[in-house]
Protein chains: 2
Amino acid sequence: MRTTIYDVAKKAEVSMSTVSMVMNNKGSISDATRKKVMKVLEELQFTSSRSSIVLKKRSAYTVGLLIPNLENPLFVEIARNVCQRGHELGLSVVICNTENDAEKEVQYITRLKEKNLDGLILAGGFENDAILQEVVGEGLPIVLIGQNIPSLGVDSVHVDDCLGGYQVTEHFLSLGHQTIAVFAENTRSSKERLHGYRQAIKDAGLEYNESLVFVCDSTVSSKQLAKQILGLINRPTAIFACNDLLAVGIMQGAKERGLRVPHDLSIIGFDNTILSRSIDPPLTSVDQPIEEMGRQGIDLLIERIEGKEKTKRQVILFPKVIFRNSTKTHPI
Amino acid sequence: MRTTIYDVAKKAEVSMSTVSMVMNNKGSISDATRKKVMKVLEELQFTSSRSSIVLKKRSAYTVGLLIPNLENPLFVEIARNVCQRGHELGLSVVICNTENDAEKEVQYITRLKEKNLDGLILAGGFENDAILQEVVGEGLPIVLIGQNIPSLGVDSVHVDDCLGGYQVTEHFLSLGHQTIAVFAENTRSSKERLHGYRQAIKDAGLEYNESLVFVCDSTVSSKQLAKQILGLINRPTAIFACNDLLAVGIMQGAKERGLRVPHDLSIIGFDNTILSRSIDPPLTSVDQPIEEMGRQGIDLLIERIEGKEKTKRQVILFPKVIFRNSTKTHPI
DNA sequence: GTGAAAGCGCTAACAA
DNA sequence: TTGTTAGCGCTTTCAC
């Protein structure tokens, strides 16, 4: 049978409440008693049962982290940082890999609620917006990492995706590229990046050409797609991939077409993940300050949980293009 | 205030115990009562509080998954599959990223124990063997994934690392390579792989040369090391990297030395992660059946939790070399 | 077939 | 400063 606070009390010859107070640094306890209790606590290697505390306090010191896809190193990195920061602050972080499945999203949220979780962090896309709305309605604190859903009215921390897209496009343009394709996912952040692209194109006095925008959803499909469009007569000379995963696929597709990067084709990715550093040639990619995002995400959430904040806050971080060797001047 | 089983009981005009029995399919309930209760359950969208169940039953339907390093896609993949299988079976899986830190290992395990966890899965290395021994002594079910620690006497599921190392080396030898270096981590599985290498070298009638074995621990250090040893006069013509992460570093080091893979240097990795498919040239790597490992890991653990099994079991899976383009015949 | 009641391990209000 | 006690929400005997 598990050791309980009662066993400690008995051994230390005090009451349960005294032990509880010692453990939680509450009330006023005489030094002698405190020492006595501490000693027994140590001897018995006592750690209290979480579930009874949760039951009593109606708080599990737990936050759920919903991730759409652990295949993308970006999300792994976000998870790592959120867990890290949570751990520092004594919070449990439960990682839930929803795999972009609306069904799973509901299941995970339901399960988390059963556990009396204190808040939710959503990293990346979410399929089932209705349930989110419901959760928000119930007053459960939520923080968005890596995106903003204006209609939801919750805190968020993300880079200025639009600016990132703008910078990428601007760079391509400065290299003389005119036919710049975009590979985007069907997510809010991709749309923002695309928006930046469009803006840059317009600002350069060029025509925005929708047929250069391709929506796809994984390494595999971006590879197929890239292979296909790179076979066109008037093929793009530069491609902006809205994340590194897509960029990897594009590179593979280009290779199968016999095109060399960056000589025949320039590519820029987004997220600056380990992938951009592993592939050959190293991929120019837009960095998101993930550590900062993880830290701020948790911190925002905690303030919200503690009820300090009532207004909606948005932390917008700056993207930064990390130049590597996947782009080149376009021979005019 | 949260809806409780008592609210359900009141609304359905039955007792709490009846509701409980309906929810858990226990006892004998008349069809009429069952329907009545089900209806209210549905109306109230009732889900029961986990913590009270845990408190009462002393089981949280939770298993902890200790991962040494989320930077390695292998572990991410393992986590994904373990979570997946756990979810299917209604178990919560708590991912704990210990970052190879003995301190964190203890913290996580302590915290998990407070939560009444039912079992522990260890994927990959573990720094603090003493605490493991302690946990085993307490009777907490443990399963090892991707390694075996014979002294611990617990269930495990892993590939035949020795065989994998043997196959890799055999392949290099068949291509005519004689000077084959090994980059290993300081882990049990690396040691097994190295053991296979040694065996293959010996079986080929060659001398085992310890100075060709290098221990390192990340992409960065393998890159530095590779750069260094590839500058030697009598440099290796083939390198066996005990995981893909190391292989990536080696490739980068080789590149900085001006060596082309596979033309000037053959490389084989281990784990067949996404990295081996992303880099250029695609890396020949030894596949571990991760999905199988995740599934079997959870399943072994559950049987153990349910007390069905008493004997130690070891599931040994077969590694499989996936040939890509990172090796080439050695010009004699 | 159903309900009453005890109790899982803890916290916090109130007494002493 | 310390102890007593009433629950938190549920499961599970044991009566009926």
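Considering only residues two or more places apart in sequence or on other chains, B:S48 meets the side-chain hydrogen bond (donor to acceptor under 3.5 Å, both in side chains) condition with none of them. Residues forming a salt bridge (Lys or Arg N to Asp or Glu O under 4.0 Å) with A:D155 (at least two apart in sequence, or on another chain): A:R304, A:R313. With sequence neighbours excluded, the residues that form a side-chain hydrogen bond (donor to acceptor under 3.5 Å, both in side chains) with B:E138 are B:K113. Residues passing the side-chain hydrogen bond (donor to acceptor under 3.5 Å, both in side chains) test with A:K36, sequence neighbours excluded: none. In terms of the side-chain hydrogen bond (donor to acceptor under 3.5 Å, both in side chains) criterion, residue partners of A:N186 (sequence neighbours excluded) are, by chain and number, A:K191. The ring pair (Phe, Tyr, Trp, His ring centres under 6.0 Å) check on B:F126 picks up nothing, with sequence neighbours excluded.
For C:dG9, neither phosphate oxygen OP1 nor OP2 lies less than 4.0 angstrom from any side-chain nitrogen or oxygen of A:T4.
If you take CE of A:M16 and P of D:dT1, they are 21 Å apart, rounded to a whole angstrom. Spacing between atom CG of A:N116 and atom P of D:dC8 amounts to 14 Å, rounded to whole angstrom units. Across the protein-nucleic acid pair, B:R58 atom CZ and D:dC10 atom P stand 18 Å apart, rounded to whole Å. Per the geometry, NZ belonging to B:K10 stands 14 Å off C1' belonging to D:dG9, to the nearest Å. In this structure, OH of B:Y6 is placed 13 Å from C1' of C:dG3, rounded to the nearest angstrom. Put simply, CG on A:D7 is 9 Å from P on C:dG9, counting in whole angstrom units. A:K36 has its NZ atom 8 Å from the P atom of D:dT2, to the nearest Å. Here C:dA4 presents its C1' atom at 18 Å from CD of B:E13, a figure rounded to the nearest Å.
Taking a 6.0 Å sphere around CD of B:E42, one finds it holds 12 or fewer heavy atoms contributed by other residues, nucleotides or ligands.
Closest contact between the side chain of B:I5 and the listed nucleotides C:dG1, C:dG9, D:dT11 involves D:dT11.
Annotation: proximity of residues 47-57 of chain A to DNA chain D (heavy atom, distance under 4.0 Å) is found for A:L55, A:K56, numbered in ascending order. Listed by residue number, A:S17, A:S20, A:N24, A:K26 are the residues of residues 17-31 of chain A with a heavy-atom contact under 4.0 Å to DNA chain C.
Comparing the helix axis at one end of the helix from C:dG1-D:dC16 to C:dA16-D:dT1 with that at the other, each defined from 5 consecutive pairs, gives an inter-axis angle of 40° (nearest 10°).
Residue pairs meeting the ring pair (Phe, Tyr, Trp, His ring centres under 6.0 Å) criterion with at least one partner in residues 84-125 of chain B, sequence neighbours excluded, are A:H87-B:Y108, A:Y108-B:H87. The side chain to side chain donor-acceptor pair (under 3.5 Å) contacts involving residues 292-301 of chain B comprise B:R85-B:D299, B:E292-B:Q296, B:R295-B:D299, where partners must be two or more places apart or lie in separate chains.
Residues B:S59 and B:D118 have side chains that bring a donor and an acceptor to within less than 3.5 angstrom of each other.
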Could you give the side-chain donor-acceptor pairs of residues 19-30 of chain B under 3.5 Å, partners two or more places apart or in another chain?
| from | atom 1 | to | atom 2 | distance (Å) |
| --- | --- | --- | --- | --- |
| B:N24 | ND2 | B:S20 | O | 2.8 |
| B:S30 | OG | B:T33 | N | 3.2 |
| B:S30 | OG | B:T33 | OG1 | 2.6 |

